[in-house]
Participant: 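Shown below is the structure under consideration.
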Amino acid sequence: MTVVTRFAPSPTGFLHIGGARTALFNYLYAKRHGGKFMLRVEDTDRKRSTEPAIEAILDGLRWLGLDWDDEPVFQFARVDRHVEVAQAMLASGHAYKCYATNEELAELRAAAQAENKRFLYDGRWRDRDPSEAPEGVKPAIRLKAPKDGETVITDLVQGEVRVANAELDDMVLLRADGTPTYMLAVVVDDYDMGVTHVIRGDDHLNNTFRQIQVFNAMGWALPAFAHIPLIHGADGAKLSKRHGALGVDAYRDMGLLPAAIRNYLLRLGWSHGDLEIVSTADAIKLFDLEGVGRSASRFDMAKLENTNAHYMRESDPKSLIEAISPLIEAKIDRSLSVTETARLNIGMASLQQRAKTLLDLAVSAEIYMDGAPFSQSPKAAKVLAGADATAGLAAALTALSAIPDDAWNEEGIEAALRAGAEAADLKLGKLAQPLRAALTGSDASPSLFEVAAVLGRDETLRRANMHG
RNA sequence: GGCCCCAUCGUCUAGCGGUCUAGGACGUCGGCCUCUCACGCCGAAAACACGGGUUCGAGUCCCGUUGGGGUCACCA
């Protein structure tokens, strides 16, 4: 049997981090088993579903590299089929028409609330003759759910979960206006799409009991279920929009790499011994549902950033330059010159060692722009204002000026600066820090010898002289 | 509140009855390296929620308590 998984977001907002992880797990599971990863847009709520949300979700998945197989299925386009199934259930006696009005239902709900009890539809039309139907009331169609016994979910993550059928009421399959409910639509779509493994957040666990009843009513084989724990915010509460849950686009804007997000999300709730760094290629070989934990986990930005820093270091310098060029251009308000790009090509390897995000990287790369440094950090200013800064800088300048053009490289610069320090009877740091402040406007940067080499003789001396 | 789920360092987790004086990672704090920063390396503090069982033996199995979470629509 070919594995078919699916990610089924409702397009009422952006793709948040929890959805991204659900998609990831579905993707990995399908790939692991050589199956298909499908996308289904659950847009049956016409009031809340929006086109921009659909785009945001699709873009988010694409950006994360979670490409789906086949065309996305739009649930709303399948209403006829959902209605057809509801009618079949009506015909087979697994469903019935319910003429209870909204007012009646509201009363029941209020009564239940007054007694501090949960509202359960009482099945008042379950066995009534249709001839008793009131005039002018359009019926909803409800599932004739089993009243006795229990419904059991055999979940690949949660184990066996059971509930007494008395706890479940006859849910609505088709609304009075003839539109299908989510509960009906999911089951029909999962069945029609040949979904073999339903991997979703465990906020759906309670829905699963009812969905199983629909599968049973239709005589359809059950897919395997795997309910993965939710991701909570740093405070332990559910990650909600009000709680600062962000769309994946926000993480992109923070300068995070998709590979890093995939790795972080994978490890959030899944483990394979002590493995921490797992590429997606490796994850496809290793991912299993047994490795998924059963308790909710908290989202930890610091660890995500650390993972991101790791992937930054591993990245191809060219791809990073491509990624940050637009950011730098926005900052300097012009295109990068050939010289500047050339400097980045040489300097990137060590810049990327130091950045946690693309944003950091773009800022650190500014030192290689013409006209930089664009600002001076307080610490750099302090270094330059120090008592021995002038002497150090002068010694550095003397040493630098004496370097012939053909020796202007990392080794040559280092040799000259070290010799200059010795000649002036100063520690290397006494020349290096003021020079660094002058060249970069900061007290921290890649190797000074490298920075000077990348900048070239003229630009280096120009910057150094501004403080000399 | 009913029902369901969960419970190891601050966080993510390893652990699937004895090898646990509980391991790894992030973070934190020291130190080394060193032209600064970062990387890297070395080291430290830091956890089995509680109470009962079962067992020769429990972080690991069972029950309860407590705590946390989810869910209770003619939303998805």
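Proteins come first, then strands; the chains are lettered A, B, ... in the order of their sequence lines, and each starts at number 1. Every value quoted in this text rests on a predicted model; they were computed, and no experiment measured them.
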Participant: Output yes when at least one side-chain N/O atom of A:Asn306 is less than 4.0 Å from OP1 or OP2 of B:rG27, else no.
Facilitator: yes
Participant: Using the C1' atoms only, state how far B:rA14 lies from B:rG68, rounded to an integer number of Å.
Facilitator: 22 Å
Participant: Sort out the partner of B:rG30 for me: Watson-Crick or G-U wobble, both distances under 3.5 Å, none otherwise.
Facilitator: B:rC42
Participant: Give one of base, sugar-phosphate or nothing for A:Phe449, where a contact means two heavy atoms less than 4.0 Å apart.
Facilitator: base
Participant: With sugar-phosphate meaning primed atoms plus P, OP1 and OP2, does A:Arg436 contact a base, only sugar-phosphate, or nothing at under 4.0 Å between heavy atoms?
Facilitator: base
Participant: Using a 4.0 Å heavy-atom cut-off across all strands, classify A:Met183 as base, sugar-phosphate, or nothing.
Facilitator: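 Here A:Met183 touches the bases of the nucleic acid.
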Participant: Nearest-Å distance, NZ (A:Lys47) to P (B:rA73)?
Facilitator: 17 Å
Participant: Output, in order, the C-alpha distance, side-chain angles, deciding distance and verdict of ring-ring contact (aromatic ring centres under 6.0 Å, His included) for A:Tyr96 and A:Trp125.
Facilitator: CA-CA 8 Å; A:Tyr96 61 93; A:Trp125 283 92; 9.0 Å; no
Participant: Once you apply a heavy-atom cut-off of 4.0 Å, does A:Pro446 come out as touching a base, just sugar-phosphate, or nothing?
Facilitator: base
Participant: Does B:rG2 have a Watson-Crick or wobble partner in any strand here, with both distances under 3.5 angstrom, and which is it?
Facilitator: B:rU71
Participant: Phosphate oxygens OP1/OP2 of B:rA76: is one of them under 4.0 Å from a side-chain N or O of A:Thr44?
Facilitator: yes
Participant: Quick test of your reading of the model: are A:Asp170 and A:Lys144 salt-bridged, counting only N-O distances below 4.0 Å?
Facilitator: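 Looking at A:Lys144 together with A:Asp170, the answer is no, because their closest N to O distance does not fall below 4.0 Å.
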Participant: Using only modelled atom types and a 3.5 angstrom limit, is any donor from either the side chain of A:Asp274 or the base of B:rG23 paired with an acceptor on the other?
Facilitator: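 Indeed there is one.
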Participant: By nearest atom, which of the nucleotides B:rC5, B:rC74, B:rU36 is closest to the A:Val172 side chain?
Facilitator: B:rC74
Participant: Please determine, for the side chain of A:Thr181, which listed nucleotide (B:rA76, B:rC3, B:rC37) has the closest atom?
Facilitator: B:rA76
Participant: I'd like to know whether the aromatic ring centres of A:Phe299 and A:Tyr264 sit less than 6.0 Å apart in this structure.
Facilitator: yes
Participant: Is A:Arg418 paired with A:Glu414 through a side-chain N to carboxylate O contact shorter than 4.0 Å?
Facilitator: yes
Participant: If you go through the side-chain atoms of A:Lys303, does one of them form a donor-acceptor pair with the base of B:rA25 closer than 3.5 Å?
Facilitator: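 Such a pair exists between side chain and base.
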Participant: Sort out the partner of B:rC35 for me: Watson-Crick or G-U wobble, both distances under 3.5 Å, none otherwise.
Facilitator: none
Participant: Rounded to the nearest angstrom, tell me the gap between atom CD in A:Glu422 and atom P in B:rC35.
Facilitator: 13 Å
Participant: Without decimals, in angstroms, what is the distance between A:Glu104 CD and B:rA73 P?
Facilitator: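 It works out to 17 Å between those atoms.
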Participant: Can you check whether A:Arg354 has a side-chain N or O nearer than 4.0 Å to OP1 or OP2 of B:rC39?
Facilitator: no
Participant: Would you classify A:Gly269 as touching base, sugar-phosphate or nothing, given that sugar-phosphate means primed atoms plus P, OP1 and OP2, and contacts are heavy atoms under 4.0 Å?
Facilitator: sugar-phosphate
Participant: Just how far, in rounded Å, is P of B:rC4 from CG of A:Leu205?
Facilitator: 11 Å
Participant: Mind checking if A:Asp443 touches a base, just sugar-phosphate, or nothing, with heavy atoms under 4.0 Å?
Facilitator: base
Participant: What is the distance, to the nearest angstrom, from the OH atom on A:Tyr121 to the P atom on B:rC74?
Facilitator: 10 Å
Participant: Looking at B:rC39, B:rC35, B:rU13, which one has an atom nearest to any side-chain atom of A:Gln433?
Facilitator: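 Of all the options, the side chain of A:Gln433 is nearest to B:rC35.
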Participant: Nearest-nucleotide wise, let me know which of A:Glu167 and A:Glu410 is further upstream toward the 5' end of RNA chain B.
Facilitator: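 Its nearest nucleotide lies further toward 5', so the answer is A:Glu167.
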Participant: I want to verify a distance call: between B:rC4, B:rG10, B:rC35, whose nearest atom is closest to the A:Asp300 side chain?
Facilitator: B:rG10
Participant: CG of A:Leu268 versus P of B:rU11: gap in Å, rounded?
Facilitator: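 Those two atoms, CG and P, are 13 Å apart.
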Participant: Counting the atoms with a prime plus P, OP1 and OP2 as sugar-phosphate, which does A:Asp177 contact under 4.0 Å by heavy atoms, base, sugar-phosphate, or nothing?
Facilitator: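 Answer is nothing: A:Asp177 stays at 4.0 Å or more from every strand.
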Participant: Among the candidates B:rC35, B:rC12, B:rC74, find the nucleotide nearest to the side-chain atoms of A:Arg267.
Facilitator: B:rC12
Participant: Could you check which nucleotide pairs with B:rG59 in any of the strands shown, counting Watson-Crick or G-U wobble with both distances under 3.5 Å?
Facilitator: none
Participant: When you measure from the side-chain N and O atoms of A:Arg313 to the phosphate of B:rA38, is any distance below 4.0 Å, counting only OP1 and OP2?
Facilitator: no
Participant: NE2 of A:His232 versus C1' of B:rG10: gap in Å, rounded?
Facilitator: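 Taking NE2 of A:His232 and C1' of B:rG10, I get 17 Å after rounding.
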Participant: Relative to the 5' end of RNA chain B, which residue comes earlier, A:Arg21 or A:Asp203, by the nucleotide with the nearest heavy atom?
Facilitator: A:Arg21
Participant: Considering Watson-Crick and G-U wobble pairs with both distances under 3.5 Å, what does B:rU11 pair with?
Facilitator: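 Looking at the geometry, B:rU11 pairs with B:rA25.
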Participant: With distance as the sole test, does A:Glu150 use its side chain to make a donor-acceptor pair with the main-chain N or O of A:Arg162 at under 3.5 Å?
Facilitator: no
Participant: Applying the side chain to side chain contact (heavy atoms under 4.5 Å, CB included) criterion to A:Tyr251, which one of A:Leu257, A:Leu246, A:Leu64 satisfies it?
Facilitator: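 For A:Tyr251, the side chain to side chain contact (heavy atoms under 4.5 Å, CB included) test succeeds with only one of A:Leu257, A:Leu246, A:Leu64, which is A:Leu246.
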Participant: Under 4.0 Å between a side-chain nitrogen and a carboxylate oxygen: does that hold for A:Asp169 and A:Arg210?
Facilitator: yes
Participant: Under 4.0 Å, heavy atoms only, any strand: does A:Ile141 hit a base, just the sugar-phosphate, or nothing?
Facilitator: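 Nothing, no nucleic acid heavy atom in range.
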Participant: Between B:rC35, B:rA7, B:rA76, which nucleotide has the shortest distance from any of its atoms to the side chain of A:Ser295?
Facilitator: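 Looking only at side-chain atoms, A:Ser295 lies closest to B:rA7.
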Participant: Just to be sure I understand the rule, does A:Ala185 reach a base, reach only the sugar-phosphate, or reach nothing, if contact means heavy atoms closer than 4.0 Å?
Facilitator: nothing
Participant: Between A:Trp270 and A:Phe287, does the ring centre distance come in under 6.0 Å?
Facilitator: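 A:Trp270 vs A:Phe287: aromatic centres under 6.0 Å.
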Participant: From NE2 of A:His272 over to P of B:rG15, roughly how many Å is that when rounded to an integer?
Facilitator: 10 Å
Participant: For the base of B:rC5, is there a side-chain donor-acceptor partner from A:Arg294 under 3.5 Å away?
Facilitator: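 Answer is no: no donor-acceptor pair is held.
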Participant: Who does B:rU65 pair with, Watson-Crick or G-U, both distances under 3.5 Å?
Facilitator: B:rA49
Participant: Is it the case that B:rC37 (base atoms only) and A:Ser445 (side chain only) share a donor and an acceptor within less than 3.5 Å, ignoring hydrogens and angles?
Facilitator: no
Participant: I want to check one thing: is the phosphate of B:rA38, taken as OP1 and OP2, less than 4.0 Å away from some side-chain N or O of A:Ser350?
Facilitator: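 A:Ser350 to B:rA38 OP1/OP2: no side-chain N or O under 4.0 Å.
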Participant: For a quick check of understanding: with a heavy-atom distance under 4.0 Å over all strands, which category does A:Arg162 fall into, base, sugar-phosphate or nothing?
Facilitator: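 Sugar-phosphate only.
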Participant: Is A:Glu276 salt-bridged to A:Lys303, cutoff N-O under 4.0 Å?
Facilitator: yes
Participant: Is A:Thr12 near enough to B:rA76 that one of its side-chain N or O atoms lies under 4.0 angstrom from OP1 or OP2?
Facilitator: no
